[in-house]
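Read the numbers this way: they start at 1 and go in the same order the structure lists the ligands and their atoms. Just so you know, these numbers come straight off a predicted model, no measurement behind them.
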Amino acid sequence: MGTIKLNNADVLGAVSAADIESLQHAAEAAVEKLEKGTGEGNDFLGWLHLPSTTSDALLDEVEAAAAQLRNSCEYVVAIGIGGSYLGAKAVIEALSDSFAAYKPSKGAKVLFAGQNIGEDYLYDLQELLQGKNFGIVVISKSGTTTEPAIAFRFLKEMLEKQVGKAEAAKRIIAITDASKGALRKLAEEEGYKTFVIPDNVGGRFSVLTPVGLVPIAVAGFDVKALVEGARAMEAATANADADNVVMAYAKTRNALYRAGKKIEILVNFHPKLHYVSEWWKQLYGESEGKDHKGIFPASVDDTTDLHSMGQWIQDGERTIFETVITVEKQARTLVIPSDEANLDCLNYIAGKRVDEVNKMAELGTRLAHVDGGVPTMVITMPEISEKCLGELIYFFEKACGVSGYILEVNPFNQPGVEAYKKNMFALLNKPGYEAESAAIQAKLAK
Ligand code: PA5
């Protein structure tokens, strides 16, 4: 039984219950396409039953490899981009102490690289790692992506200089395709520990494979509980019945899109969920934004962003809807103290938990936005834990597949991502891109 709840009552000013229910047939057809593998992109459906088919043996192997790095290194750098980065980053940030970077830790601290080509970023990282005991988890499904390849070249060389080639090889884990790509070849030649990204799982659906599980385990979190949560959601959404939360979310957002609500803002009131939104944006952006269609996925971290984006959301163009992730129980308790002088005039909330104030800010915001013409859905999760995050991840993944098919796009490809790469390779004179290089230079010379 999943514990994630969805409430879509506050969209009813913008679309009717009948508008949403009119998509029931399309949602059922979408579920059938996923289950039978008869839709577009059906060679990338490995994520659908991944939680229930992930073996304990694989989870044990992930934990053992991760423990080795965690216990022997001060820092472990997870190198990857897009789907090979965001899932691990989202779960680690959500579960970590907000100031973990500045506090001593029991095991290795996980850092990220290869998710940008920032020269200063790489320089600063190398400066931090100079003379430190560090390891690397390099992740690339294709094994050829430029950003992680650059970062890995620098950090591999640095590690080999610091500890020698043989010891460096023991501190590098490579996660890539079973047989293809430069990273697979390199890993085999150098003798790294490797994990396979299944062929039928695309990058943005891969957080519950070793792509996400290894860095999450290195950071000290319970990957078995994460998978257990995903299994619970897989079971809870297996049937196309009335309380199927995945179908309800997919139908509601498509009904809103058809009613002109082209932008979905994922809202949280918990700073630790910032990267969950970043992961969600990639999942929905790359899955649905094609054929000149698709809801634009945006996000805000409230109450922070109420002081920057709040005005627009309350009063700007009415093409948006919000999906608020609310967290019932906080991990910590903090009560606002009373102050005799009360110069800050805050005694009216003295004795209340900080979370109670946050919850009232959340409710007040939701009511104001609904009054202002922003249809709002609410996703409730009991707490931020491995199990609940596992549920949430699977919820969003399955809803994305259903929603993409309702929208009549192939949710499992990303042809548009290649356009920038082609231009970049042409501009950098990559071998094999001679014609593109000539064409782009001619275009720039005009
Ligand atoms: O979702 C996707 O497929 C992409 O975002 C990829 O994950 C991203 O481009 C990284 O690719 P790779 O893992 O092949 O390096």
Legend entry - Test side chain to side chain contact (heavy atoms under 4.5 Å, CB included) applied to Pro271 - qualifying residues, sequence neighbours left out: none
Legend entry - Flag for Thr237-Asn244: side-chain donor and acceptor within less than 3.5 Å: no
Hey, can you pull the donor-acceptor pairs under 3.5 Å for the side chains in residues 20-30, sequence neighbours left out?
unit_1: Glu21; atom_1: OE1; unit_2: Lys251; atom_2: NZ; d: 3.3
unit_1: Glu21; atom_1: OE2; unit_2: Lys251; atom_2: NZ; d: 3.2
unit_1: Ser22; atom_1: OG; unit_2: Asp19; atom_2: O; d: 2.6
unit_1: Gln24; atom_1: OE1; unit_2: Lys251; atom_2: NZ; d: 2.6
unit_1: Gln24; atom_1: NE2; unit_2: Glu28; atom_2: OE2; d: 2.6

Legend entry - Lys/Arg-Asp/Glu bridge criterion (N-O < 4.0 Å) met for Asp177, Lys185: no
Inset, instruction - Just jot down the salt bridge (Lys or Arg N to Asp or Glu O under 4.0 Å) partners of Asp97, sequence neighbours excluded, or say none. - result: Lys103
Legend entry - Ser179 and Arg184: side chain donor to acceptor below 3.5 Å: no
Inset, instruction - At a heavy-atom distance under 4.0 Å, which protein residues reach ligand 1? Sort them by chain and number, would you? - result: Ile81, Gly82, Gly83, Ser84, Ser140, Lys141, Ser142, Thr145, Gly203, Arg204, Gln282, Glu286, Gln414
